[in-house]
Participant: 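Quick one: structure below, then a few questions.
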Amino acid sequence: MTELTALTAAQAAARVRDGSVSADELFAAYRDAAAADDLNAYLYVAEAPNASGGDLQGVPLAVKDLFCTEGIPSQSGSKILEGYRPPYTATVVQRLYDAGAPLLGKTNQDEFAMGSSNENSAFGPVNNPWDRERVPGGSSGGSAAAVAAGSAPWALGTDTGGSIRQPAAMCGIVGLKPTYGAVSRYGMIAFASSLDQAGPLTRDVTDAALLFSHMTGRDDRDATSVGSPEDIRLPTAQRLDGIRLGRPEDLSTEGVEPGVMEAYERTLKLAEELGATIKPCKLPHADHGISAYYVIAPAEASSNLARFDGVRYGLRAEGATDLLSMYTRTRHDGFGPEVKRRIMLGTYALSSGYYDAYYGRAQRVRTKIAQDFANAFEQVDFIVTPTAPTTAFKIGELADDPLAMYLNDYFTVPMSLAGIPAISIPNGLSEGRPTGFQLAGPAFSENRLLDASYALEQALGFDGSAARG
Amino acid sequence: MAEYEAVIGLEIHVQLATRTKMFCGCELGFGEPPNTRTCPVCLGLPGALPVANAEAIRLGLMIGLALECDLAPRSIFHRKNYFYPDLPKGYQISQYDEPLCTGGRLGDVRIHRVHLEDDAAKLVHAGSSGRIHGSAASVVDFNRGGTPLAEIVTEPDLRDAETAAEWLRLLRATLKRLGVSDVNMEEGSLRCDANISIRPSGSQELGTKTELNNMNSFRFIQRGIEAEIARQTKIVDGGGRVEQETLHFDPATGAITSLRSKEEAHDYRYFPEPDLVPITISDELLAAAREALPELPAARARRFESELGLPADTAKLLAFRTELGDFYEAALGSNGSHSVEPVQLANWVTNELTARLGEEDPQDSKVSPAAIAQLVALVADRKVTNAGARQVLDVLVQRGGDPAAIVESEGLGAMEDDGALDGAVDAALAANPDIAERLRGGDMKPMGVIIGHVMRETKGRADGGEVTRLVRAKLGL
Amino acid sequence: MIDREQVLHVARLARLELSEDEVGRMTTELSKVLDHIEKIGELDLEGVPVTSHVVEVGGALRPDEPQPSLPRDVALASAPDVADGGFRVPSPQAQ
Ligand SMILES: [Mg+2]
Ligand SMILES: [Zn+2]
């Protein structure tokens, strides 16, 4: 931990701007920290900066493996893409280069972003800097661990059902999942196209706002991207006067770790002291979010992953002499157990005779959940929950229980299905491990969401330096 | 043996005449070196996303309008999932239950639907050099992959192969006139599948249908359908039952073979393409498509009949071959065509001219529309006989030029009733005394011999009627 | 609930080879997950429209203007097997 890497990204950018620090020494400090990383957070570390100046002043950026970076390994944590170097760069990464943020490295992740623990990476699990016996959460586990450990000032992740928010919570940092469509998906190796959204993992809310402000924007290469209706501002709010926080009645709290629940209650009280009112609110179908999610996401994934066939790039199984075995053996050898499980689940849910019972119904549940949120936001400004039911669990603890693992997304999945923005901020410790506080707002309410999160963050005064050793 | 009737529906894939592919900016071409027209999108690279080509949608709308379809104000793309090396993403982006156009008709055939999709790439069988571990290999070229296609599906309204081929000619002419495709069958820009079943004549329920795949010429389509009807008839007559399968017709041998090994029933797992948003038809887009609609062959044929009094088949001939119709109307409108009778002109264009030009576009020939009009006028004014005019046309086809001048220089003008013709008739009678005798005896059958003789002597410049008159006079008949 | 036969059929559709014990594990694990998922069967969803896109931006279309394609060597750079300027695969006919 050097004096330089102790700075937040915004602070570092300011120091480079006022000339008290040079972008090159800043990059060097982080490159050394990333190279020295012993959490298995990085799959690639850059040699020299490829961007500078701009608004981000050369503050380096760690990028989740699944973002395509031209000429640099982009493997989505999978053996089937081992060593794959794309011929192009993802739009959102290019935007950040253009804003002056050079690539620091590519971070470890669950294979094809399928997981909540980063144990599903073909390149090994990632250790949580707060407790190396434990997972960092997932699927953006490498990005979360790197930022928490201080080997990166900030990082890009992706969130499909909680893959930014849950690891942010488990690593004691800030993670924002923007409104679906706010950030271009072009160049993000897809998991579930109607849910995937890129977002920042940062040490504080200000950094999240700063990074997001340069990520959002309409992209002609992504027909589903719309950008943000207003410029993203750096948050300034100190209080929550007049803000109505909705506490969902219908989300069950059984299976939520007591320490997580206490931290949640404590923060609700704190919010009241800051002027907010806490209102119970109804999300009648949110409880079915996991079921709908684990139909829709695998269904889309089963189709998105069909392109990994051993023809144009990536792995091809040795010695296959006929087409069928080239396909089946390449995909058998190249995909890990969780990816296979979801491809099977999704293919089944779409197959003739089951489509209506699974995919069709799940899409209708999705409609209901989106309506639930729309109705709730007529009564409240934000909905607040614990980010994850538990703190970081032990590596291997849930390995044999896929369903238990899936239920870790219980509080984050409904927002993904509704396409609305949600943020997780550090919410103190439970048994020495970070917990997260989640705020969700209506579509494109990022500015208000960041302001409210900032006010809470200031009052909470969380200190994450312990993880930065 | 029972009488059967065939029930035939067609599925036509048309490559749309856009500059770029359906979902990416790669420029379309033909015959470029393999894999020189690809990008992350049409190679299905990880992370790449499709964006629909606005022009392809406009052309799709024009087809829908031309075929009198209902245009969906909102239609969506679906993914059709299956594995094949020419399919880079493992799914085709097509339309399923919310297509761009539904309903409609062309001629006597109802249209079921018209939808948009992207074309597969090209699989080339690799030479023995390209074998893998000794077994046969193929090489994929993605240049064509992603070409915009409109798939036109008819109702099963056709009953025989000839009518099917005839209707397909009308469709091809219509698409060509619309300018939505170059409809070049050899290059595969228009491909046709036929769904065929047979049933006892008069029966209403449908038999088991087979799908005859990818026929790329009118002749093959007609022969293919005939062959398949015969095959099914033989099976049913033999007490067997037709199996639902996809078949291939080999034009060389005339043989029909089963195409897909039915090792597994297809399950395409269609679901809405999440990377694309619904197509919403703006009024501007619709207006633009309407603007661009030309007069279509069916309507043109009707106009040729009603306004110009052409016989139905002549009118069709001109209207279904757009370039022929255009040439005909140009000739009709050319100056010097004042005395031209539309039916006469039509006959000369559809018979004499096409006999000499074949499939060639007359606009590219040496014969100008004005020239053929003048030639027909000369015939009408008896300045040249039909036989003479045919020779003038030969010259026009070879060298072009002005018909009147050619008549002069070649001395093909019709003979006035002067001594020359009189002499020619005498010579003919003298040369055929026996014929002359039979004529004198009142047997008029051999008159043709004398006329033929005179025609030869005068290089066709004589008028047949005039010759007959002179003969009768000379023989005192 | 999903049985062994269905697992094999689905694996076939997905072009996924599964070892014997993978088939066994897949059958039990998927059944457990499906039992949970099937709770949505209890909901009354009569007349509820489906959601395929949470954002509906109509007419996000591309103008028909050519963009540069990739050089062929770049297009082929990551291919496991290249021949005659293309991607070589076992011949589908040879199946
Ligand atoms: Mg088709
Ligand atoms: Zn392309």
Side-chain angles (χ1 to χ4, degrees), chain A residues 84-85 87 179-181 194 220 223-226 285 288 290-292 294-295 302 306 309-316 320-329 331-332 335 337 340-341 343-345 347-348 351 357-358 360-368 370 402-403 406 417-419 443, chain C residues 2 6-7 9-19 22 25-27 29-30 32-57 59-63 70-71 74-81 87-95:
Chain A
Y84 174 66
R85 294 168 185 263
T179 307
Y180 185 88
S194 76
D220 291 341
T224 66
S225 80
V226 288
H285 301 84
H288 293 280
I290 289 288
S291 299
Y294 278 93
V295 171
S302 70
D309 58 5
V311 175
R312 284 144 295 122
Y313 43 78
L315 181 79
R316 177 187 294 190
T321 57
D322 68 285
L323 186 63
L324 184 60
S325 65
M326 181 197 81
Y327 284 145
T328 57
R329 286 169 49 195
R331 292 163 63 78
H332 171 274
F335 291 137
K340 287 177 185 164
R341 210 176 282 125
I343 289 175
M344 291 290 291
L345 191 55
T347 306
Y348 177 71
S351 65
Y358 290 103
R361 286 194 77 82
Q363 278 189 312
R364 291 182 163 80
V365 174
R366 187 175 187 178
T367 306
K368 281 298 198 181
L403 185 55
Y406 296 172
L417 289 168
Chain C
I2 183 169
Q6 289 170 302
V7 165
H9 169 69
V10 172
R12 167 87 180 182
L13 280 178
R15 295 295 186 268
L16 204 51
E17 180 181 287
L18 295 180
S19 68
E22 277 177 315
R25 246 186 295 121
M26 207 59 92
T27 310
E29 287 168 351
L30 290 187
K32 193 171 168 198
V33 173
L34 286 169
D35 290 345
H36 181 85
I37 286 172
E38 277 154 12
K39 278 196 289 179
I40 61 175
E42 301 155 8
L43 293 170
D44 172 20
L45 299 169
E46 205 47 45
V48 178
V50 302
T51 294
S52 314
H53 302 82
V54 274
V55 285
E56 275 222 3
V57 282
L61 302 177
R62 183 177 59 77
L70 292 170
V74 175
L76 297 172
S78 303
D81 189 2
F87 302 83
R88 185 166 64 174
V89 295
S91 180
Q93 282 71 34
Q95 273 190 59

Participant: Below 4.0 angstrom, N of the basic side chain to O of the carboxylate: do C/E17 and A/R331 qualify?
Facilitator: no
Participant: Side chains of A/H332 and C/E22: is there a donor and an acceptor less than 3.5 Å apart?
Facilitator: yes
Participant: Against chain C, label A/Y294 side chain, backbone, both or neither, depending on which of its atoms sit under 4.5 Å from a heavy atom there.
Facilitator: both
Participant: Excluding sequence neighbours, so at least two apart, what forms ring pair (Phe, Tyr, Trp, His ring centres under 6.0 Å) with A/Y348?
Facilitator: A/Y354, A/Y358
Participant: Kindly compute the distance separating CD1 (C/I37) from OH (A/Y406), expressed to the nearest 0.5 Å.
Facilitator: 8.5 Å
Participant: Between C/S52, C/S78, C/A79, which has the largest tally of heavy atom pairs under 4.5 Å with chain A?
Facilitator: C/S78
Participant: Calculate, to the nearest 0.5 Å, the distance between atoms OG and NE2 belonging to A/S351 and C/H9 respectively.
Facilitator: 5.5 Å
Participant: Where on A/A223 is there a heavy atom nearer than 4.5 Å to chain C: the side chain, the backbone, both, or neither?
Facilitator: both
Participant: Who wins among C/V7, C/V74, C/T51 for the most heavy-atom pairs under 4.5 Å with chain A?
Facilitator: C/T51
Participant: Please rank C/L34, C/L18, C/I2, C/L30 by heavy-atom pairs under 4.5 Å with chain A and give me the top one.
Facilitator: C/L34
Participant: When A/R364 is tested against each of C/I40, C/L43, C/V50 for side chain to side chain contact (heavy atoms under 4.5 Å, CB included), which residue passes?
Facilitator: C/V50
Participant: Quick check on A/A443 against chain C: is it the side chain, the backbone, both or neither that has a heavy atom closer than 4.5 Å?
Facilitator: neither
Participant: For the atom pair CD (A/Q363) and NE2 (C/H53), what is the distance rounded to the nearest 0.5 Å?
Facilitator: 9.5 Å
Participant: Got a sec, which residues hit side chain to side chain contact (heavy atoms under 4.5 Å, CB included) with A/T347, two or more places apart in sequence or on another chain?
Facilitator: A/S302, A/I343, B/R269, C/V10, C/L13, C/A14
Participant: Which residue out of A/H285, A/R85, A/R341, A/K368 racks up the most heavy-atom pairs below 4.5 Å with chain C?
Facilitator: A/R341
Participant: Could you check whether A/R316 pairs with C/D81 (Lys NZ or Arg NE/NH1/NH2 to Asp/Glu carboxylate O, under 4.0 Å)?
Facilitator: yes
Participant: Under a 4.5 Å heavy-atom cut-off, does chain C meet the side chain of A/L417, its backbone, both or neither?
Facilitator: backbone
Participant: Would you compute the distance between atom CZ of C/R15 and atom CZ of A/R329 and round it to the nearest 0.5 angstrom?
Facilitator: 15.0 Å
Participant: Between C/P80 and A/V311, which heavy-atom pair has the shortest distance, and what is it?
Facilitator: CD-O, 3.4 Å
Participant: Looking at A/T328 and C/L16, would you say the former's side chain and the latter's main chain have a donor-acceptor pair under 3.5 Å?
Facilitator: no
Participant: Heavy-atom cut-off 4.5 Å, strictly under: side chain, backbone, both or neither for A/M344 against chain C?
Facilitator: both
Participant: Contact between A/L323 and C/P92 at the side-chain level, heavy atoms closer than 4.5 Å - yes or no?
Facilitator: yes
Participant: Taking the side chain as every heavy atom from C-beta outward, state whether A/L324 and C/R12 have any atom pair closer than 4.5 Å.
Facilitator: yes
